[in-house]
Amino acid sequence: MALIVQKYGGSSVGNLDRIHHVANKILQTKQQGHDVIVVVSAMYGETDRLIQLAHALTQHPDPRELDILISTGEQVSMALLAMALNAKQCPARSFTGLQLGIHTDNVHTKARILEVKTDVIQRELNQGRIIIVAGFQGRNEHGDITTLGRGGSDTTAVAIAIAVRAQECQIYTDVDGVYTTDPHLIPQARLLPQISFEEMLEMASLGAKVLQMRSVELASKHSMPIRVLSTFSEGQGTLVTFEDKIVDKRLVSGIAFSREEAVISLSGIPRQVGIEGRILGKVSEAHIEIDMIAQNATAQNTVDFTFTVHRREFPKALKIVEELAKELGAVSVKTNAKVAKLSLVGIGMRSHTGVASTMFQSLGEAGIPIQMITTSEIKISVVVDEAHLEKGAKAIHQAFELDKSPQPLAKVMIE
Ligand code: ADP
Ligand code: ASP
Ligand code: MG
C-alpha cells in the first residue's frame, strides 16, 4: 500500500461526465489498496473567466480581492468531485488551501508555498477518507487567501506530496505525458518516457505549460518524482526524475515555445559607458521583466540596443523606451509585438557541439529569419516572427529527429 498524490487539471474536470470519470479513476486507485490525496484545478476555462470578470470591472483589481475571486474556481471542482465520490459510496472530503493549512508568503497572485500542514490530512486518512484539495491556493500570515500563479495546482500537488512523503506525485492532464514538443502544435511530437528535472525545468520556464515551473523546481529540490499521465487513456506517461536515472540519453529532449513575447529596439544611441544600465534601470523601475537582451555597436560610434518583454508589458515598456529615446538622442525605436521564442532543450548540449549550428541551419533552410539568440548550458533560444513559429518548431523537430526513438549514438556519447 502506498500514499499517492494525484492532481487533475482543468480539462480533466471540465464537465460533470469528466468529474465522474475522475471519481472512477480515484476509486480504482483506492481499491488497489492505496491512500489517495487528490488536488484539483478549476473546471476548464473558469480561472480565465474569473480574471476577465475582474478586469471588466476595473483595470487594476485589488490583488487581495482578485485572489479571493480566482481561488473559487477550484472550490467548485473540489466539492463536485467529493460529491461524485460520496455518491459512489466512497467517503471523501474536500478542503480549500486555507482549510488544509497551505501556508504561503504574502505575494498575492504569485505566492510561494512556505509550509503544508499535515494534521488535517492525517486525521482524514485515519478515517479512511479520500482527501480532495483545491489546487492553486493557500493562505498568508494574515489569514488571507493567496494564489500561486497560473498552472499553480501542479505546485500544490508537489508540495503536498513532499509534506506527506508520498511515493510519487501523479499529474493527470489532457495529453499522455511530456512530449518532445507540444503535441497540439506538432502532431509528430513523441512521448518521452522519462525527462530529467533539469530539462523539464527549462521546458517549463520556456513556455511548455504541461507543468508549472515552480512544481518542477520544488520536486527536484526534495527528490519527489513527478509522473505526468493522461486522465483519458492508459499508459505509463512520463517520469520526471534525476539525470542519472534516465535510460535513453539524448542529445536534445525537446522544443518549447512562447508566443507571448515582444521586441523593442533602440537604434543609433550615441555610445557612452553605462548606457545599458540606464535603459534597463528605467524599465525595471516600472517592474517590467526583461527576457532577452542584445546589443550591437555600429560603425557610426552608436549602439543598437534590443530586448524582449512579455507581450502584456509591451505598451508600458514602449512608452518608457520612447521617452528614453528622446533623452538619449537615439535615432529610432523599432518594435515587433508579434514575435515568438523558440527554444531547444537538452542536457546532451553540455558535452556536444554543433547543436546550435544544426538548429540555425534548419531554420535557415525553412526560410525563417532569426531575430535574436540566447544560449545557456542546456538550451538555445531564438526569437522569430510569430507567423513562423509552427514551421520553425517543425523544422527543428525534424532536424534533430525528435519524432524518432533516440539514436544509439546519443547513448555512446554520454557514457
Ligand atoms: P492542465 O489543465 O491539465 O493543467 P495544461 O493545459 O496546463 O493542463 O497543460 C497541458 C498542455 O500542455 C497540453 O494540452 C499541451 O498542449 C501543453 N504542452 C506544451 N508543451 C508540452 C509538451 N512538451 N508535452 C506535453 N504537453 C505540452
Ligand atoms: N486554475 C488555475 C489556472 O488555470 C490553476 C491550475 O489550473 O493549475 O491557472
Ligand atoms: Mg496546468
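Counting heavy atoms from C-beta on, the side chains of Val252 and Thr180 never come closer than 4.5 Å. Contact check for Thr335 versus Val333: side-chain heavy atoms found under the 4.5 Å cut-off. Val76 has its side chain out of reach of Glu46: every pair of non-hydrogen atoms, C-beta onward, lies at least 4.5 Å apart. Two residues are said to be in side-chain contact when any heavy atoms from C-beta on lie closer than 4.5 Å; Asn106 and Glu141 meet this criterion. No side-chain heavy atom of Val383 sits under 4.5 Å from any side-chain heavy atom of Thr374. Side-chain contact between Arg350 and Glu198: present, with at least one pair of heavy atoms (C-beta onward) separated by less than 4.5 Å. Put simply, the side chain of His60 does not reach to within 4.5 Å of the side chain of His55, judged on heavy atoms. Side-chain contact check for Met224 versus Leu218: every heavy-atom pair is 4.5 Å or farther apart.
Using modelled atom types, one side-chain atom of Thr238 and one backbone atom of Val178 make a donor-acceptor pair closer than 3.5 Å. Although no hydrogens or angles enter the test, the distance criterion places a donor-acceptor pair under 3.5 Å between the side chain of Gln137 and the main chain of Ser71. Side-chain atoms of Lys391 come within 3.5 Å of backbone N or O of Ala366 as a donor-acceptor pair. Checking side-chain atoms of His21 against main-chain N and O of Thr231 turns up a donor-acceptor pair under 3.5 Å. Between the side chain of Asn86 and the backbone N or O of Ala92 there is at least one donor-acceptor pair closer than 3.5 Å. Without hydrogens or angle criteria, Thr96 side chain to Gln99 main chain gives a donor-acceptor distance under 3.5 Å. Asp62 places a side-chain N or O within 3.5 Å of a backbone atom of Glu65 that can act as its donor or acceptor partner. With Gln194 contributing its side chain and Val247 its backbone, the two residues share a donor-acceptor pair below 3.5 Å.
Note that OG1 of Thr306 is 11.5 Å distant from CG of Asn336, once rounded to the nearest 0.5 Å. A distance of 13.5 Å separates CG in Asn140 from CD1 in Ile102, rounded to the nearest 0.5 Å. Separation of atoms CD1 (Ile396) and OG1 (Thr181) is listed at 9.0 Å; rounding is to 0.5 Å. To the nearest 0.5 Å, atom CZ of residue Phe136 and atom OG1 of residue Thr47 are 5.5 Å apart. A distance of 12.0 Å separates CD1 of Ile145 from CG of Leu66, quoted to the nearest 0.5 Å.
Annotation for Gln236: atom CD does not count as buried by contact number, only 12 or fewer foreign heavy atoms lying within 6.0 Å. More than 12 heavy atoms of other residues, nucleotides or ligands lie within 6.0 Å of NE2 in His142, so this atom counts as buried by the packing criterion. No more than 12 heavy-atom neighbours from other residues, nucleotides or ligands sit within 6.0 angstrom of CD on Glu234. Residue Arg112 qualifies as open at atom CZ: its count of foreign heavy atoms under 6.0 Å is 12 or below. Residue Lys338 qualifies as open at atom NZ: its count of foreign heavy atoms under 6.0 Å is 12 or below.
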Quick one: side chains of residues 307-315, donor-acceptor pairs under 3.5 Å with protein atoms, not counting sequence neighbours, listed by atom name and distance.
| residue | atom | partner | partner atom | Å |
| --- | --- | --- | --- | --- |
| Thr308 | OG1 | Met292 | N | 2.9 |
| His310 | ND1 | Arg312 | N | 3.1 |
| His310 | NE2 | Glu260 | OE1 | 3.4 |
| Arg311 | NE | Arg259 | O | 3.4 |
| Arg311 | NE | Glu261 | O | 3.1 |
| Arg311 | NE | Ala337 | O | 2.8 |
| Arg311 | NH1 | Arg259 | O | 3.3 |
| Arg311 | NH1 | Glu386 | OE1 | 3.1 |
| Arg311 | NH2 | Arg259 | O | 2.3 |
| Arg311 | NH2 | Val339 | O | 2.9 |
| Arg311 | NH2 | Glu386 | OE1 | 3.0 |

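Remark: Ser332 engages Ser267 in a side-chain hydrogen bond (donor to acceptor under 3.5 Å, both in side chains) (not counting sequence neighbours). The side-chain hydrogen bond (donor to acceptor under 3.5 Å, both in side chains) test applied to Glu276 returns Gln295, not counting sequence neighbours. The side-chain hydrogen bond (donor to acceptor under 3.5 Å, both in side chains) test applied to Thr156 returns no partner, not counting sequence neighbours. Arg18 meets the salt bridge (charged side-chain N to carboxylate O under 4.0 Å, His left out) test with no other residue; sequence neighbours excluded. With sequence neighbours excluded, the residues satisfying side-chain hydrogen bond (donor to acceptor under 3.5 Å, both in side chains) with Ser196 are Glu199. By the salt bridge (charged side-chain N to carboxylate O under 4.0 Å, His left out) test, Arg139 is found to be paired with no residue, residues two or more places apart in sequence or in another chain being considered. Scored by the salt bridge (charged side-chain N to carboxylate O under 4.0 Å, His left out) test, Glu115 finds Lys117 as partners (sequence neighbours excluded). Here Phe360 pairs with Ala356, Ile370, Ile373, Ile380, Val382 under the side-chain contact (heavy atoms from CB on, under 4.5 Å) rule; sequence neighbours left out.
Taking every heavy atom of both residues into account, Met43 and Asn15 meet most closely at CE-CA, 4.0 Å. Of all heavy-atom pairs between Phe400 and Val355, the closest is CZ-O, 3.4 Å.
Using a 4.0 Å cut-off between a side-chain N of Lys or Arg and a carboxylate O of Asp or Glu, Asp304 and Lys334 do not qualify as a salt bridge. Using a 4.0 Å cut-off between charged side-chain N and carboxylate O, Arg64 and Asp144 make a salt bridge.
Counting only residues at least two apart or on different chains, the ring pair (Phe, Tyr, Trp, His ring centres under 6.0 Å) pairs with a member in residues 169-199 are Tyr8-Tyr172, Phe197-Phe242. Residue pairs that meet the side-chain hydrogen bond (donor to acceptor under 3.5 Å, both in side chains) test with at least one member in residues 215-226, sequence neighbours left out, are Arg214-Glu217. For residues 28-38, the side-chain hydrogen bond (donor to acceptor under 3.5 Å, both in side chains) pairs, not counting sequence neighbours, are Gln6-Thr29.
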Trace of the side-chain hydrogen bond (donor to acceptor under 3.5 Å, both in side chains) decision for Asp176 with Ser233: CA-CA 7 Å; Asp176 290 342; Ser233 59; 2.8 Å; yes

Would you sort out whether Lys326 and Glu323 count as a salt bridge (charged side-chain N to carboxylate O under 4.0 Å, His left out), showing the intermediate values? CA-CA 5 Å; Lys326 277 189 216 138; Glu323 278 162 22; over 6 Å; no

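Between the side chains of Asp67 and Thr147, a donor-acceptor pair is found at a separation under 3.5 Å. Side chains of Gln122 and Glu124: a donor-acceptor N/O pair is absent below 3.5 angstrom, by distance only.
Among the candidates Leu185, Asp182, Leu342, the single residue satisfying the side chain to side chain contact (heavy atoms under 4.5 Å, CB included) test with Ile255 is Leu342. Screening Leu206, Thr155, Leu201, Asp154 for a side chain to side chain contact (heavy atoms under 4.5 Å, CB included) with Met213, the sole residue that qualifies is Leu201.
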